[in-house]
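Written out below as structure tokens is the structure these notes cover.
What's counted below: heavy atoms across the whole structure, side chains too, no hydrogens, waters or symmetry copies.
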Amino acid sequence: MTTRKHSAVEPDPVVRGVRLRTFDPSASEDIDSAAHHLAALTALAAGVAAGLIYVAEDSLLQMIGACGLRDGWQVLQGIPASETVAGLVLIRRRPIVIDDVLTDDRVPPDAPIFDHGGRAYAGYPVVDGDGEIVGVCAAMDYQPHFWQPRELAGIEASARVCGELVGRMDRLDAERFLATERAVRKALAEAVGIEQAGPTVLRAVCSTLGWSAGELWMTDDGDVLRPVAAYPDGHSPCSGALATPAWERNEPAWSGSGVAVPVADAGGALCFVTDVVKHEQGAVTVLLSGIAGQIAQFLQRRRAEDAELALARSKDEYLFLVGHELRTPLTSIASYTELLAETPGLDEENVRLLGVIDRNTSRLRHIIDELLDLAALDSGHADLVWEPLDVGAIVDAALADSQATADEAGAVLRAEVEPGLRIDGDGERIRQVLDHLLRNAVTHSPRGIVTVSAGCSATGTVELVVADTGIGIPDDEGVEVLNPFYRTVLSREQQLPGAGLGLALSRAIVQAHRGTIRLMPNRPQGTRAVIRLPRA
């Protein structure tokens, strides 16, 4: 069982840094908003890979600025503070400094930082002019990091700048800004395409910020800028006079009665006008640039989703074709092999060769079945039979079926199951996952100890753990090993058998049951596979 410890650098007393009074959010053309700029500044000050800026909304956290994050973190919007490391800063109302999340027991067990490879974390509260904690400024690294006082001072300085920025936004009525962003997020979350989302986004901005009319302009296939949405409907307030320079220069453009901001990386611009002369306002520009960034991300997600759907359809068609074309000759090979094996008078060498053919035919057929099964689960076409399941009975049956294999490998099987645990799901599929994890554990730890434990976690879910004392898994491969065809460096070095499909199939089954699976080192030696499923 992994033992976590507190960081060697305790967050109390806090290391005090100096304020960065020369900060200018418009100084970089590469960062869309002050929050992203501050995130980059935080990572630079701490000398680590990533910086993060969060704001708190009731019990939820919104990531408003980021730098150096891996794919997948952009989805972390509106998550409960109690499930995050940043939430610890809000709950404890003081900095949180962690050298290694794998060994620190303060980290929530379901924190997103585990799934995205983060290892070291240092977060400071963002305090507004009234002394209220309104967010978190943090730095993160993808490897364990012993935080130095000067690095923590840099993070604290960035948090203070965040607080000053919040103070300036308060003078421009931050409530209107938050209302605008909520309305925009809601419109983009509910829309199927930009034609549906555009008018709703424009209406939200105009109604909360006092603009008379707005337009969204996008480039077509000929790289020509054209309006795709307007508010009020049918109104054409800009006629490209503001949208074109903002798009061409990739920077905000103000006039006496309007403003346009580029929709970066998506080829477009947001344009707003009013009958009243408005002077350029930095905070408004930051907000509109952030909204334009959300639109760009929305468009990129839609394009990526369309491409992913097309790829999934192609993959399914390809796998079906391959499976059909391979299964037919494999069936013939297996049939003729069986007939040849029954031929009288075969010598010992021919019997051995036919056995090799039969074993490899069965192995190929098994790989094809797993590929087709994985494709069906990924596409949502696999049928699951839902029923109440006794976790203890499933574990007992899996251990009984694995005993012969364990005896052959000299491994010892143990069970630690809390009585009365029940889940809803497909019993055969859950057994499929448990059988594969047990087979993996026995294969990777011959003459070792394999323990299956089941209990109720702190979050109320059922936690199934398969732990072994084998060759283990490198810290940085715990996420990748769940991908299809991926095999760890140690498995390849020791030439252990496997196609790299079992864990990917296990993850697909667990996710279909609304659960999670994670692999991690089993200290001092071995691997722990942790499955969390909703309790019935």
- prompt: Would a 4.5 Å heavy-atom cut-off, applied to side chains only, mark L52 and M63 as touching?
  reply: yes
message: Under the criterion side chain to side chain contact (heavy atoms under 4.5 Å, CB included), I'd like the reasoning laid out for L61 against T84: C-alpha separation, chi angles, the key distance, then a yes or no.
response: CA-CA 9 Å; L61 280 174; T84 68; 3.3 Å; yes
query: Within a strict 4.5 Å, meaning less than it, do heavy atoms of the L287 and L209 side chains meet?
result: yes
query: Of all heavy-atom pairs between L533 and G515, which one has the smallest distance, and what is that distance?
result: CD2-CA, 4.0 Å
- request: Taking the side chain as every heavy atom from C-beta outward, state whether V452 and R414 have any pair of such atoms under 4.5 Å apart.
  value: no
statement: dist I133:CD1 -> I91:CD1 (nearest 0.5 Å) comes out at 11.0 Å
message: Keeping T208 on the side-chain end and A204 on the backbone end, is there a donor-acceptor pair under 3.5 Å?
response: yes
field: Any side-chain heavy-atom pair of V136 and L90 under 4.5 Å
entry: yes
statement: Here the gap from Q148 atom CD to L152 atom CG, rounded to the nearest 0.5 Å, amounts to 8.5 Å
message: Out of the candidates D100, L102, I98, only one should pair with V107 under the side-chain contact (heavy atoms from CB on, under 4.5 Å) rule; please name it.
response: I98
- prompt: How many angstroms lie between atom NE2 of H116 and atom CE of M140, to the nearest 0.5 angstrom?
  reply: 9.5 Å
Approximate separation, where rounding is to 0.5 Å, of R182 CZ and T180 OG1: 9.5 Å
- prompt: Taking C-beta and beyond as the side chain, do H145 and D99 meet within less than 4.5 Å on heavy atoms?
  reply: no
- prompt: Passes side chain to side chain contact (heavy atoms under 4.5 Å, CB included), L188 versus Q294? Steps please.
  reply: CA-CA 8 Å; L188 294 176; Q294 290 184 55; 3.8 Å; yes
- prompt: Under 4.0 Å between a Lys/Arg side-chain N and an Asp/Glu carboxylate O for R532 and D110?
  reply: yes
query: Between T285 and P252, what is the shortest heavy-atom contact and its length?
result: CG2-CG, 3.4 Å
query: Measuring from C137:SG to L38:CG, what's the distance to the nearest 0.5 Å?
result: 7.0 Å
- prompt: How far does OG1 of T469 sit from CZ of R447, to the nearest 0.5 angstrom?
  reply: 10.5 Å
- request: Just do the side chain to side chain contact (heavy atoms under 4.5 Å, CB included) check on D426 and I430 with the steps written out, would you?
  value: CA-CA 6 Å; D426 188 316; I430 299 299; 5.7 Å; no
- request: Decide yes or no for I517 and V530: does some side-chain heavy atom of the first lie under 4.5 Å from some side-chain heavy atom of the second?
  value: no
task: Mind listing the closest non-hydrogen atom pair of A406 and V442 along with its distance?
output: CA-CG1, 4.0 Å
message: Looking at every non-hydrogen atom in both residues, tell me the closest pair between V263 and A292 and how far apart they are.
response: CG1-O, 3.6 Å
query: Taking C-beta and beyond as the side chain, do V450 and S445 meet within less than 4.5 Å on heavy atoms?
result: yes
- request: Return yes if some donor-acceptor pair links the side-chain N/O of D468 with the main-chain N/O of T527 below 3.5 Å, else return no.
  value: yes
query: Is a side-chain donor or acceptor of E251 paired with a backbone partner of A246 at a separation under 3.5 angstrom?
result: no
query: If you take all heavy atoms of V466 and A441, which pair is closest and at what distance?
result: CG1-CB, 4.1 Å
- request: Check step by step if side chain to side chain contact (heavy atoms under 4.5 Å, CB included) holds for H436 and L503.
  value: CA-CA 8 Å; H436 175 76; L503 286 174; 3.9 Å; yes
field: Least distance between heavy atoms, G118 atom then V101 atom
entry: O-CG2, 3.4 Å
- prompt: Do R535 and L421 have side-chain heavy atoms sitting under 4.5 Å apart?
  reply: yes
